[in-house]
Chemist: 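Okay, here's the structure, questions in a sec.
Letters A, B, ... mirror the listed sequences (proteins, then strands); counts begin at 1. Note that the coordinates shown come from a computational prediction; the quantities given were computed from them, not determined experimentally. All values below come from the heavy atoms of this structure, side chains included, with hydrogens, waters and symmetry mates left out.
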Amino acid sequence: MKSAKVAVALSGGMDSLSALLLLRERGFAASGLHGIFLPEALRPPDWLERLEALQRQAVDLDFALRVLDLSADFSRLVIQPFVRAYAAGLTPNPCAACNAAVKFGLLRRAALDGGSGWFATGHYARLEERADGPALLAASDASKDQSYFLALVPRESLGRVLFPLAEHAKSELRAWLEGQGVSPVQPGESQEICFIPGDDYRALLPGLAKEQGVELGGPGDAVLPDGRRIGRHQGLWRYTEGQRRGLGLAYSEPLYVLGKNRRENTLLLGGREEARGCGCRCGRANYLVEPAEWPATRLARIRYRQPAAPAEVKIVPDGGLDLFFTELADFPAPGQLAAVYAQESGGLRVLAGAVIESAVNCGLTGPA
RNA sequence: AGGGGUGUCGCCAAGUUGGUAAGGCAACGGAUUUUGGUUCCGUCAUUCGAGGGUUCGAAUCCUUCCGCCCCUG
């Protein structure tokens, strides 16, 4: 019997390599699919060497490797919206956008069109085929779970997708790879897949904005909720709601960013208690489960690594979502992702994802 | 010019009878981490506005000078 063909998105890191090898062990005919995402200007100096190393590894480990240049699409679908979002006073989540549009959009399409029956990635998340379609669930290991970043992926794009790492722990995989004498081309964490060199978006953004002809905005006043001026900010795009460090403003207590007033170009700051919110309004949602089928109890996360917390979720007529947390949570950052979950016996299932538009003031002092 | 107050790390601020400089903020470094953030850990004044004196020993006592801040002219 001919084994099923699966194309695995390979970044060069250990997760995607493990995914490929695991699938092969399970009997799949696994090939690699490497998407070049970064436009030339943002590629690290040794990117070509790394690509060649990946190609050699494919030969060594005996799998086919296809390389696809998606850099123009990545720029259009991820980088440009990222820059525009910051210019608009938002805090974008490019990884979520990339998953939705590029990895599970273009790359998956290429895999399936290329003759593979399945598309796989090295995400730590679970996918189950149900009667009503694919169900996206959090990974078994909650500390590694990446389902949050996948909440904007359209349901159709999760069809014919496999997450081989779902039940595995990273440490276990690392040992497993070592046991086979295999080491990934990129040994460190998969930070290089990001288009921000050195993780410093503040250093990169002005150049990108200039290229795109986008105005980011300059310095202005930093004010407390009572209107008191306590210093200057260096441009609203440099801050995000909930941020504490890097404000450069000394005060008797730690200060957090509560909001941005773009009209006045002021940054609103407050103490720890004020930096907690209870809800937010989100834009049009990506539904992974029809709202009619949602259980009565819902959980939500509005930032990565925040545990899913009980929340009241209302669907607004225009397709947006209103979230209210039962308990005070971290301050919502517009532009970031809200993911709605349901607790099932087998784990947390993603019901929907949406982009946060604004924080809702529930009696606390908040941004206007 | 008189009267009162005050001067401790970049900022806020403990330091009561002299005993050999708390803490918070910021900053920096690290841990965590496929965004931004959060959180956690660590490092940060041989010196207390300046000079002189008393004392075994002073940021704390005395003295002179300087700088701010109020109030009254």
Chemist: If I pick the P atom on B:rU46 and the same atom on B:rC41, what distance separates them, to the nearest angstrom?
Modeler: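 Looking at atom P only, B:rC41 and B:rU46 are 26 Å apart.
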Chemist: Given that both distances must come in under 3.5 Å, which nucleotide forms a Watson-Crick or G-U wobble pair with B:rU32?
Modeler: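 No nucleotide pairs with B:rU32.
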Chemist: Atom OH of A:Y201 to atom P of B:rU33: distance rounded to whole Å?
Modeler: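 To the nearest whole Å, that distance equals 21 Å.
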Chemist: For B:rA58 and B:rU38, measure between their P atoms and round to the nearest Å.
Modeler: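 Here B:rA58 and B:rU38 have their P atoms 44 Å from each other.
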Chemist: Please report the distance, rounded to the nearest Å, between NZ in A:K260 and C1' in B:rG36.
Modeler: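 The answer, rounded to whole Å, is 9 Å.
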Chemist: Partner of B:rA58 by Watson-Crick or G-U wobble geometry, both contacts under 3.5 Å, or none?
Modeler: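 Base-paired to nothing in any strand shown.
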Chemist: My understanding is that only one of A:L162, A:L20, A:V161 makes a side-chain contact (heavy atoms from CB on, under 4.5 Å) with A:V6; could you say which?
Modeler: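 With A:V6 as partner, side-chain contact (heavy atoms from CB on, under 4.5 Å) holds for just one option, A:L162.
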Chemist: Return the set of residues passing side-chain contact (heavy atoms from CB on, under 4.5 Å) with A:E172 (not counting sequence neighbours), or none when no residue passes.
Modeler: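 A:E172: side-chain contact (heavy atoms from CB on, under 4.5 Å) contacts with A:H168, A:A169.
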Chemist: Only counting residues at least two apart or in another chain, list the ones meeting side-chain hydrogen bond (donor to acceptor under 3.5 Å, both in side chains) with A:R109.
Modeler: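 A:R109 satisfies side-chain hydrogen bond (donor to acceptor under 3.5 Å, both in side chains) with A:D113 only.
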Chemist: Assign a letter to each nucleotide of nucleotides 21-28 of chain B from its 5' end: B, base within under 4.0 Å of a protein heavy atom; S, sugar-phosphate only; -, no contact.
Modeler: ---BBSSB
Chemist: Would you kindly compare A:N99 and A:G242 by the position of their nearest RNA chain B nucleotide and give the one closer to the 5′ end?
Modeler: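 Upstream on the strand: A:N99.
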Chemist: Please report the distance separating the C1' of B:rA45 from the corresponding atom of B:rC11, rounded so that it comes out in whole Å.
Modeler: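 Comparing C1' positions in B:rA45 and B:rC11 gives a spacing of 14 Å.
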Chemist: For B:rC68, give the paired nucleotide (Watson-Crick: N1-N3 plus N6-O4 or O6-N4; G-U: N1-O2 and O6-N3; both under 3.5 Å), or none.
Modeler: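 B:rG5 is the nucleotide pairing with B:rC68.
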